[in-house]
Amino acid sequence: MLDVKLIRDNPEFVKSKLKLRNENPDIIDKIQELDRIRLEFIRKSETLKELKNSVSDEIAVIKKSKGDASGKISEMKKVAEEIKTLDEGLRNTDSEIDILLKYIPNLPHDSVPEGKSEKDNVQILEWGEKKTVDFRISDHIELGKKLDILDFERGAKISGSGFSLYKGKGAKLERALINFMLDEQIKNGYTEVMTPVLVSRASMEAAEKVPKFEDDMYYMEKDDLFAIPTAEVPILNIHRDEILKPEDLPVKYCGFTNCFRREAGSYGKDTKGFLRVHQFNKVELINFCLPENSYTELEKMLEDALGILRKLNIYHRVIELCSADIGFAAAKCYDIEVWSYAENKWLETSSVSNCTDFQTRRAMVRYRKVLESNKTRTEFVHALNGSGLATSRLMVALLEAYQTESGNISVPEVLRSYTGFDVI
RNA sequence: AGAGAGAUGGCUGAGUGGUUGAAAGCGGCGGUCUUGAAAACCGUUGAAGCGGCAACGUUUCCGGGGGUUCGAAUCCCUCUCUCUCUGCCA
């Protein structure tokens, strides 16, 4: 969530940034008004509480010396009533503000290209080249079926469309990919974690996924638990309500999990095979860092993700998302896309974002900042997240790019020590 | 799922209505001592909000929410979570 103080002190700045995201800035006026009311409640209530506290002490003294305090007590009775009313007003105003705040996205960073839609995203890097082959390219579904390594029909039988079954060398290849990616990220300084994949509502809220995206999640009503759409959620929550030591920053985690997405509203789009699935595998990267370092850390994280594709030798590009297309919690975001030879288009396989203090403010992840006066103050750390990477679409690109004329798959060099075989 | 116990500051752990934001110990930080270090001793050490340029003042916070009271960590209700035992199960 945004800082209310920023809205209070710099409303025009906030509005202009929201406009860049195609958001209606009027909501800021509403929050400002509620904030004024809120401060009024606080001041009135605190003045009365101060009075109540001091008189209560006096009453204690009088009672101790067996005196009569009935006058003061009845006076304070009235004051207590007033405080109750004021605090109720304050609570209501607080929750009104909070509801509004939950639907306001993070503000785009100055370096983010302005744009109206995804068409205005900017390609900033292209790596490798499109191979040309003199045989017919099979898509991943065809390859998966022929080699008996992927079975989408049976995946659907088990759970419905959008669920897949890996088999034999296909399963092993997937596992190899995950292990390879984790090992690479551990080398890059990330600490591996294995997290719960069902998380509480509080964790979802802290990651700013709920209430805005509640319909996109699988939800277990009986236990009020959500299936995670990304490991970003549990990993971010590792340090919820904590104050980190500045010397420990940046704190970097990587973790593999299954990810679950209902993909409500995208039925009919990219329904083939792995292109859009309800459950997929992903190695996630999270970085908690000092605010002043978050944009250099963002570039490093992008590099960490790209390193995987380079080692796999997969043709890819990087897109810098424009102001209208960056995710809700992000201030700046890069997408990594891999080339699908069969689909003849780019597939998003990673998104690397700097969420600044947007999530950490709600999650209360802070560090102790030492001021010039040698005093300390807590400040929110910045949180970054990135896929490093998501396997399903990567698998599409990999299978297609590594197919041979005979219809087999030549396992990428770096994965062979993991798979134990060279060809599928 | 059944029975019971509990939730207090970075940690351990006192505290059952009136200077208790909270004893004590540990840890952390600063200092004395020391060539240096350890030990010992002394001091210091929570967060959030509001007001203030600041010094500082003030309010709130002892799992969450509500209640009783002039006054609650302390009494009542409720929810959540954790632990132990039994059952079930990977």
Side-chain angles (χ1 to χ4, degrees), chain A residues 1-9 31-99 101 194 196-206 210 219-226 234 237-249 251 258 288 357 360-381:
Chain A
M1 65 176 170
L2 292 182
D3 187 357
V4 185
K5 276 188 203 153
L6 182 67
I7 293 171
R8 187 186 300 159
D9 299 335
I31 291 179
Q32 273 195 289
E33 177 57 23
L34 287 168
D35 183 49
R36 271 193 289 274
I37 293 170
R38 179 176 168 273
L39 290 186
E40 197 56 29
F41 275 127
I42 288 174
R43 286 186 202 121
K44 282 184 183 163
S45 166
E46 287 195 358
T47 309
L48 291 179
K49 279 175 185 166
E50 203 174 336
L51 176 70
K52 183 195 76 176
N53 288 343
S54 64
V55 176
S56 287
D57 285 348
E58 290 170 25
I59 292 170
V61 172
I62 293 168
K63 287 231 171 182
K64 220 163 221 168
S65 57
K66 306 276 185 222
D68 175 32
S70 55
K72 284 185 193 291
I73 287 175
S74 67
E75 195 189 327
M76 284 308 104
K77 216 169 195 154
K78 273 183 233 151
V79 172
E81 282 302 312
E82 268 184 81
I83 290 173
K84 204 169 160 185
T85 313
L86 288 170
D87 280 351
E88 201 183 325
L90 175 62
R91 260 202 309 280
N92 292 338
T93 315
D94 264 337
S95 71
E96 274 185 74
I97 292 173
D98 196 51
I99 288 166
L101 239 29
M194 288 190 96
V197 293
L198 300 182
V199 302
S200 66
R201 183 173 291 277
S203 289
M204 275 296 189
E205 282 176 353
V210 154
Y219 173 59
M220 275 132 278
E221 196 172 1
K222 215 170 178 179
D223 299 289
D224 197 22
L225 289 171
F226 293 88
N237 275 279
I238 290 174
H239 293 300
R240 169 148 56 97
D241 294 321
E242 290 183 17
I243 299 175
L244 305 175
K245 292 187 188 137
E247 63 267 27
D248 291 343
L249 300 175
V251 175
N258 300 300
F288 298 98
D357 57 1
T360 54
R361 178 171 294 106
R362 188 161 301 276
M364 294 288 275
V365 187
R366 294 152 292 170
Y367 73 102
R368 225 174 284 281
K369 185 190 179 105
V370 181
L371 304 171
E372 276 181 43
S373 58
N374 235 348
K375 292 198 166 184
T376 60
R377 190 181 70 203
T378 62
E379 196 169 83
F380 298 109
V381 301

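In what follows, chains are A, B, ... by sequence order, proteins preceding strands, each numbered from 1.
- A donor-acceptor pair under 3.5 Å is formed between the side chain of A:Arg361 and the backbone N or O of A:Met1.
- Heavy atoms of A:Arg201 sit nowhere under 4.0 angstrom from any nucleic acid atom.
- The partner of B:C41, taking Watson-Crick or G-U wobble pairs whose two distances both stay under 3.5 Å, is B:G31.
- At the heavy-atom level, A:Lys44 lies nowhere under 4.0 Å from the strands shown.
- Nucleic acid contact class of A:Arg8 (heavy atoms, under 4.0 Å, all strands): sugar-phosphate only.
- Side-chain atoms of A:Asn53 lie closest to B:U59 of the nucleotides B:G46, B:G18, B:U59.
- Here the separation of B:A39 from B:G30, taken at their P atoms, is 15 Å to the nearest Å.
- Residue A:Glu46 places a side-chain atom within donor-acceptor reach of the base of B:G49, judged by atom type and a 3.5 Å distance cut-off alone.
- Here A:Arg43 reaches the OP1 or OP2 of B:G51: one of its side-chain N or O atoms lies under 4.0 Å away.
- For A:Arg368 and B:A47, the shortest distance from a side-chain N or O to OP1 or OP2 is below 4.0 Å.
- Residue contacts for A:Lys245: at a heavy-atom cut-off of 4.0 Å it reaches no nucleic acid atom on any strand shown.
- Rounded to whole Å, atom C1' of B:C50 lies 13 Å from atom CG of A:Asp87.
- In this entry the distance linking CD of A:Glu88 with C1' of B:U60 reads 18 Å, nearest Å.
- For the pair A:Arg366 CZ and B:G10 P, the computed distance is 10 Å after rounding to whole Å.
- Between A:Glu242 atom CD and B:C11 atom C1' there is a gap of 13 Å when expressed in whole angstrom units.
- For residues 239-249 of chain A, the set of pairs meeting the side chain to side chain donor-acceptor pair (under 3.5 Å) definition, not counting sequence neighbours, comprises A:Ser203-A:Arg240, A:Asn237-A:Arg240, A:His239-A:Glu242, A:His239-A:Tyr253.
- Within the 4.0 Å cut-off from OP1 or OP2 of B:U68, at least one side-chain nitrogen or oxygen of A:Lys84 is found.
- The listed nucleotides are B:C70, B:G18, B:C50; the one nearest the side chain of A:Ala60 is B:G18.
- In this structure, the side chain of A:Thr360 engages the main chain of A:Val381 through a donor-acceptor pair within 3.5 Å.
- Using atom C1' as the reference point in both B:C33 and B:G71, the two lie 49 Å apart (nearest Å).
- Among residues two or more places apart in sequence or in another chain, the side chain to side chain contact (heavy atoms under 4.5 Å, CB included) test is passed with A:Glu46 by A:Ile42.
- Using a 4.0 Å heavy-atom cutoff across all strands shown, A:Lys49 reaches sugar-phosphate atoms only and no base atom.
- Nucleic acid contact class of A:Arg377 (heavy atoms, under 4.0 Å, all strands): none.
- Comparing the same atom, P, in B:A55 and in B:A47 gives a spacing of 15 Å after rounding to whole Å.
- Across A:Val197 and A:Asn258, no two heavy atoms sit closer than the pair CG1-O, 4.2 Å.
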